[in-house]
Amino acid sequence: MKGFFDKLRPLFSKGGKLHMFHSVFDGFETFLLVPNSTRRTGVHVHDSADSKRLLIMVVIALIPAMLWGMYNLGFQHYLAHNALEGTSWFTLWLYGFCATLPKILVVYIVGLGIEFASAQRHGTEIHEGFIVTGFLIPMIVPVETPLWTLAIATAFAVIFAKEVFGGTGYNIFNVAIVARAILFFAYPTKMTGSDVFVRTSSSWGISANGALIDGFSGATPLGQVATAVGNKMPDIHNIIGEPLTRMDAFWGFIPGSMGEVSTFCILLGGLLLLLTGVASYKIVVGGLVGALGMTLLFNAIGTTPAMNMPFVDHLLFGGFLFGLVFMATDPVTSARTERGKWYSGLFVGVICVFIRVLNPGYPEGMMLAILLMNVFSPLFDYFVIDSNIKMRRKRALRAQQAIAASKNAN
């Protein structure tokens, strides 16, 4: 492979026939092969573990959740048609794969197309941040999201939440979350309700080929809590009205966005990111502590079903854990200081539960919580750094006073 790129390089180098496409060539080469050069100045780490390699680690961590999400899409479809019996696991997964592949292709074609065009225009390297973003967007939207709305949201997010700030490393908002926010507020009927999280039509000709079972409802567990009446936590049911257990939610047999349904797969990916140091455990632990504290506070009040929702259900239902592990820990848009990471994670957990409980119109809450912390994380860093400067100034002053006192004594 290296020999192949070495032969092509003269064509794309200065003076070559295809020099105008040098950015495209460089993008593909550095994606497939470790770059030959590293930073020699500044504060960068001078080794071969460049940002592409780190981002690929995030993609690897996302694969279990994506593969299971595809399987669950098929599982929910065949369950809705009462056709699970006799259907192989591969057929269920293939149905979900066919339902998801067009979304992945649209997101990458639109997002990478803008990235390539921007790099060519400015004569710079292609920013690699979309490697992860393109993986995340299809995983956090409902399966029935129209492709044209997905294309619009991806384009707006890449341009206005990333490129206008200078590209990867300069954006202040998580691009995948911005894409979801655009979809949520611009096309709310395509993002909420009981008809968008379970696909009932065929995927590339693959279908259960039967009528929907009586009593079918595609409402997610959080949607059921948001619409419940009284003050007690309702009994959660699956899409055909059968009781839904916490183990069902843990393994991922519930309706929802593809990447968010399996707590087990999210934990697998999160463990990989924490062990490799790609994600900060401070943000994750801080988020869990914040959510736990807010949940206990609302449980003590307990005047609505959402207020009585146990902490474990907040973890199992919706995108709280997925967002906390894969998006709140984004090193670009989260806090940079070690103390700031604790504060950022803590407030993500607090705000997510706060929105979930008090605003039934936003039963998820994690999207807005992360966006708000993207705004305030630089402020946390500012106060942490300012506090450190003041403490060091005080220590220096005390040291000077001690030296002066010692001289006077002598």
Please check this pair: side chain of Y170 against backbone of E163, looking for a donor-acceptor N/O pair closer than 3.5 Å.
no
Anything under 30° is parallel, anything over 60° is perpendicular, the rest tilted; go ahead and classify F354 against F298.
tilted
Can you check whether P146's main-chain N or O pairs, donor with acceptor, with T149's side chain at less than 3.5 Å?
yes
Per side-chain contact (heavy atoms from CB on, under 4.5 Å), N171 is matched among T133, V158, V178, V332 by V332
In short, M327 meets N174 closest at the heavy-atom pair O-ND2, 3.8 Å
Contact check, side chains of R199 and S203, non-hydrogen atoms, under 4.5 Å:
yes
Verify, without hydrogens or angle tests, whether R356 (side chain) and I351 (backbone) share a donor-acceptor contact under 3.5 angstrom.
no
So, for M233 and D313, which heavy atoms are closest and what is the spacing to 0.1 Å?
CE-OD2, 3.6 Å
Taking the six-membered ring for Trp and the single ring otherwise, decide whether the centroids of F347 and F380 are under 6.0 Å apart.
yes
Do T87 side-chain atoms and A83 backbone N/O form a donor-acceptor pair below 3.5 Å?
yes
For E338, is there an ion pair with K282 - N to carboxylate O distance below 4.0 angstrom?
yes
Give me the atom names and distance for the closest heavy-atom approach of S344 to A335.
CB-CB, 4.2 Å
Full working for side-chain contact (heavy atoms from CB on, under 4.5 Å) between I236 and F317
CA-CA 11 Å; I236 306 299; F317 300 151; 4.3 Å; yes
Quick one, V143 with M258, criterion side-chain contact (heavy atoms from CB on, under 4.5 Å). Give me CA distance, side-chain angles, the key distance, then yes/no.
CA-CA 7 Å; V143 64; M258 182 175 63; over 6 Å; no
Side chains of N308 and T304: closer than 4.5 Å at any heavy-atom pair?
no
So, do T263 and F322 sit near enough that their side-chain heavy atoms are less than 4.5 Å apart?
no
So Y281 and W342, would you call those rings parallel, tilted or perpendicular, with 30° and 60° as cut-offs?
perpendicular
When you check the gap from the basic side-chain N to the acidic O, do D381 and R339 get nearer than 4.0 Å?
no
Would you please test L67 and F97 for side-chain contact (heavy atoms from CB on, under 4.5 Å) and show each step?
CA-CA 8 Å; L67 293 179; F97 173 79; over 6 Å; no
Considering only heavy atoms from C-beta outward, does the side chain of I152 approach that of Y187 to under 4.5 Å?
yes
I385 side, atom CD1; R336 side, atom CZ - distance, nearest 0.5 Å:
10.0 Å
Check the orientation of H81 and H77. Use parallel for under 30°, tilted for 30 to 60°, and perpendicular for over 60°.
tilted
For Y95, does its backbone N or O pair with a side-chain atom of W204 as donor and acceptor, under 3.5 Å?
no
Please report the interatomic distance CG(L11) to CZ(R9), rounded to the nearest 0.5 Å.
11.0 Å
Indicate yes or no for a side-chain donor-acceptor contact from S257 to the backbone of E260 under 3.5 Å, with no hydrogens or angles considered.
no
Given 3.5 Å as the limit, does a donor-acceptor pair link the side chain of R180 with the main chain of I140, or not?
yes
Measure from the side-chain N and O atoms of T276 to the backbone N and O of L273, and report whether any donor-acceptor pair falls under 3.5 Å.
yes
Would you mind reporting whether F250 and L316 have side-chain heavy atoms less than 4.5 Å apart?
yes
Can you check whether V261 reaches F75 side chain to side chain, under 4.5 Å on heavy atoms?
no
Begin with the C-alpha distance, continue with both residues' side-chain angles, and end with the deciding distance and a verdict on side-chain contact (heavy atoms from CB on, under 4.5 Å) for L315 and L288.
CA-CA 9 Å; L315 297 183; L288 294 174; 3.7 Å; yes
Below 6.0 angstrom between ring centroids: does that apply to F165 and F160?
no
Using modelled atom types and a 3.5 Å cut-off, is there a donor and acceptor pairing between side-chain atoms of D330 and backbone atoms of F326?
no
Count the heavy atoms belonging to other residues, nucleotides or ligands that lie under 6.0 Å from CZ of F4, then report whether that count exceeds 12.
no
Without swapping roles, check the side chain of N238 against the backbone of L244 for a donor-acceptor pair under 3.5 Å.
no
